[in-house]
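Before any comments, here is the structure.
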Amino acid sequence: VGSYSPGEIARVYKELSLYPSLSRADVGPVITSQYGGKYSNIYTEWSQRDLERNENVKFCRQYIVFHDDKSVVYSGASGNCTEIKGEVLSKDSPSGDMKAVVRESSVKGEDKQFLEVWSKNIKMKSINLSALKKHGKVYDDAQFGCLVWSHSETHLLYVAEKKRPKAESFFQSPELSGVGDEEDTIRTGKKDTVKGEQFVFHEDWGEALGDKSCPVLCILDIEGDFVSVLDGLPDDISPGQAFWAPGDTGVVFIGWWHEPFRLGLKYCPNRRSALFYMDLTGGKCEQLSSGKTSVCSPRLSPDQCRIAYLECSVYGPHMQCSKLCMYDWYTKKTSVVVDVIKRPGKDGFTGIYSSQLSPQCWSADSQRIIFACPQRSRKDLLMVDINTGSINSLTAKSDIGSWCLLNIERDLMVVSCSSPNCPPSLWVGFLPGIDSQENVDWVTLEDSEKLQDVDWQILTFTPPSEDDNSQYSNLEFDALLIKPKEVKDEVKLPLIVTPHGGPHSVIVAEWLLSSAVLCRMGFAVLLVNYRGSIGYGEDSIYSLLGNVGTQDVKDVQFAVESVLKSGSIDEQKVAVSGGSHGGFLACHLIGQYPGFYKACVARNPVINMASMIGSTDIPDWCMVEAGFVFNTDCLPDAAEWEKMLNISPIKYVSQVKTPVLLTIGEDDKRVPNKQGIEYYKALKARQIPVRLLWYPGNNHSLSKVDAESDGFMNMVLWMIQHFSD
Ligand SMILES: CSCC[C@H](NC=O)C(=O)N[C@@H](CO)C(=O)O
């Protein structure tokens, strides 16, 4: 490993970063050819890092699938890939005759948004949304955003930021006042500016949603060329994830309460929210779910009789085991189809841990729901019978590590699958009939090459009895070990230990660019799903509350020491890296096991929960992980502050011997950059080698192409440098 030059590392990174990943697939209508054969077009979107251009490029490719409604007869790509530029959102109409696009385009040097309607090869409409000034920017995020055709194909529904009146200075001279809105003034006879509001703080929805504050539901009447912003919704909720109700009588959406103040939503599907129906015929807004829980991903059945959605508790751990619920449109009754799983039973089903269902998730007969979900360290495709609640795994027996349902339409499933040694590939297959025992017959649309030199396995651990959790005892956990395949007898591998963040998330056996590159360069990588990870039953999640900094730290160390016993690892070359809560664990490990790890790399790590609670977008996380109940109207008491400090990595800083590289995102709202700086100063004061990389324009994930690639290069070089200290 030590013999690799930066140029060689960059070459391997560049080579493996060429593999694109799938982000979307849409199945077109069934067309009968002139020879009587039936086929459907499949539209796919992919993304790929372009290191030269320093951006993630998005491209599309279409495929044609001939079928007999039960099996694929013939399939192939139709044409080559095309890069997608300027499209914010796009959606084909249900019949496939039209396409709607929200596009960003520069007009005379100014960025504008247009809503386009295409029919065959003609752009029928191009509506300048920015000029209409009915609302602010259209939302394209997965949390709120949508672009939905009405069933009648006459209207389009989307979410945008509420229009904010222009604010001007108290000292603006009257002749210039409201000058920017001249057109509006002529049209409405009113000046659209307010004084004194220029510096008012507007709450936002937190990490990665910093430009989202007050979403509104908007409707374009295509024939009438008219955009309207829906009013009549409750004032204390922010709407999103909207769709047309049966018969287009109104719209159904999720509303998130934003009183008394907004809490970060990213990775936090535990925020109080409900399913709502805005009746456009009577102008009334009705709440369809209890309002005491958190709900997301509502999906209307093909027969338009039921809405399936996911539900979990409010506050508590930010990722939890969800219920699959069903709202019957006609009886107005709600039922639970799949409940929370505390401990997995004999069938092996560990519970639902998805926070987003695929755009379509129903079988054609409206009797089953299909979704992808982490089950321990793999991601499987699961099928639920809504009448019995019984669950079948469509993929449990496969040797592929991770399956992702991109879409399902008339029982034709489009999936992306990958493994640590196999980049994403694209497959299609028909869902077998409800009473059929048959397996899915998968057909590859886009294959990917297996990396023959990379090997992976899932290891299962039972914590030693002294580390058992008395309240939640006998819990197991896993780790994913990724290694070079061919290793000469006398060679011992350097090891990089990577606990995931969250802490309630999971690493599944999927394509992981950095692990594949490290493996190519001769490192072994150990990714630990310590107790508290999702995918193992709700008891595992709850076992960690109040025990962060001990139980999770011990689990990781136990997994590492067990792997070292195999004899294939060089004990003098063990490093640790992690982001966020994974960074919290990395910094704990070097503090609690001084000198064991020869290098540490932490991305936006949580360093001091007590100092972070006042500045993060999710203060509830600090209280809940420390074992307390969060309440929006009370401050932690002295004992709670003390515990938050005592369970934080800063507490062990004086024991640290390991050199630390910190990678920090300037605009991180989740773990504010001051956390990394606090650790940097504490290490510097103790003469521990420390280096801090500061990435402007980056948030918590450090996922911009240059930040991600630079962070990776520096991580490897830091480890190589300190392995030879
Ligand atoms: C107040 S920061 C809490 C840690 C953070 N949790 C949720 O956002 C975290 O560890 N994030 C992970 C993803 O879950 C990450 O890798 O950024």
Side-chain angles (χ1 to χ4, degrees), residues 142-143 205-210 262-271 294 312 315-320 353-356 374 498-508 510 512-515 527-530 532-535 541 544-545 548-549 552-553 556 576-588 601-628 630 636 644 647-650 662-665 667-676 678-679 695 698-704 707-708 711-712 715:
Q143 183 70 43
W205 280 104
E207 173 59 19
L209 297 168
R262 286 165 181 75
L263 283 164
L265 277 176
K266 174 106 177 156
Y267 302 130
C268 298
N270 61 339
R271 302 292 178 228
S294 171
C312 69
Y315 300 140
H318 67 277
M319 294 284 246
Q320 308 174 12
Y353 302 94
S354 309
S355 43
Q356 202 181 9
T498 307
H500 61 73
H504 312 296
S505 84
V506 68
I507 289 278
V508 292
E510 63 187 353
L512 302 158
L513 172 65
S514 60
S515 300
L527 303 134
V528 188
N529 288 327
Y530 45 86
S533 304
I534 58 169
I541 296 174
L544 189 54
L545 306 185
V548 293
D552 44 4
V553 175
V556 176
V576 64
S577 78
S580 194
H581 186 84
F584 169 95
L585 290 176
C587 298
H588 257 303
V601 181
R603 174 203 28 107
N604 292 320
V606 175
I607 293 302
N608 181 346
M609 289 163 75
S611 66
M612 193 179 74
I613 191 168
S615 57
T616 170
D617 66 329
I618 54 169
D620 60 311
W621 183 93
C622 303
M623 289 295 277
V624 168
E625 296 305 330
F628 306 116
F630 175 71
M644 283 190 276
I647 62 176
S648 293
I650 197 77
L662 295 160
T663 58
I664 303 298
D667 305 332
D668 190 342
K669 284 178 181 267
R670 180 104 338 155
V671 180
N673 57 48
K674 297 287 183 300
Q675 287 286 299
E678 194 173 326
Y679 205 50
Y695 296 100
N698 273 270
N699 58 21
H700 190 54
S701 58
L702 289 192
S703 56
K704 288 205 169 163
E708 185 195 37
F712 177 82
M715 172 183 82

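Everything numeric in this text was worked out from a predicted model, so none of it was measured. We count ligands from 1, going down the list as the structure has it; atoms in each ligand are counted the same way.
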Between [X] and ligand 1, find which residue part has any heavy-atom pair under 4.0 Å and reply side chain, backbone, both or neither.
| X | answer |
| --- | --- |
| H500 | neither |
| R603 | side chain |
| N604 | neither |
| M612 | side chain |

Would you confirm whether [X], through its side chain, and [Y], through its main-chain N or O, come within 3.5 Å as a donor-acceptor pair?
| X | Y | answer |
| --- | --- | --- |
| N604 | G665 | yes |
| Y530 | H500 | yes |
| T616 | I618 | yes |
| S648 | M609 | yes |
| H318 | P269 | no |

- Query: Which of these, C268, G206, G579, G502, has its nearest heavy atom closest to atom 6 (N) of ligand 1?
  - Reply: G502

Enumerated ligand 1 atoms positioned under 4.0 Å from heavy atoms of [X]:
| X | value |
| --- | --- |
| H700 | 11 (N), 17 (O) |
| T616 | 1 (C) |
| H581 | 4 (C), 9 (C), 10 (O) |
| V671 | 2 (S) |
| I618 | 1 (C) |

- Query: Please, which pairs that meet salt bridge (Lys or Arg N to Asp or Glu O under 4.0 Å) have at least one residue in residues 604-621, sequence neighbours excluded?
  - Reply: R271-D620, D617-R670

- Among all protein heavy atoms, pick the one closest to atom 5 (C) of ligand 1 and tell me residue, atom and distance. S580 OG, 2.9 Å

- Could you find the nearest protein heavy atom to atom 3 (C) of ligand 1 and give me its residue, atom name and distance? W621 CE2, 3.1 Å

- L662 side, atom CG; R603 side, atom CZ - distance, nearest 0.5 Å: 12.5 Å

- Item | Residue pair D668 / H700, side-chain donor-acceptor N/O under 3.5 Å | yes

- Short side-chain donor-acceptor distance under 3.5 Å, H588 and D552: no

- Message: Would R670 count as a polar contact of ligand 1, with the cut-off being nitrogen or oxygen pairs under 3.5 Å?
- Response: yes

- Query: Hey, is ligand 1 close enough to K266 that some N/O pair sits below 3.5 Å?
  - Reply: no

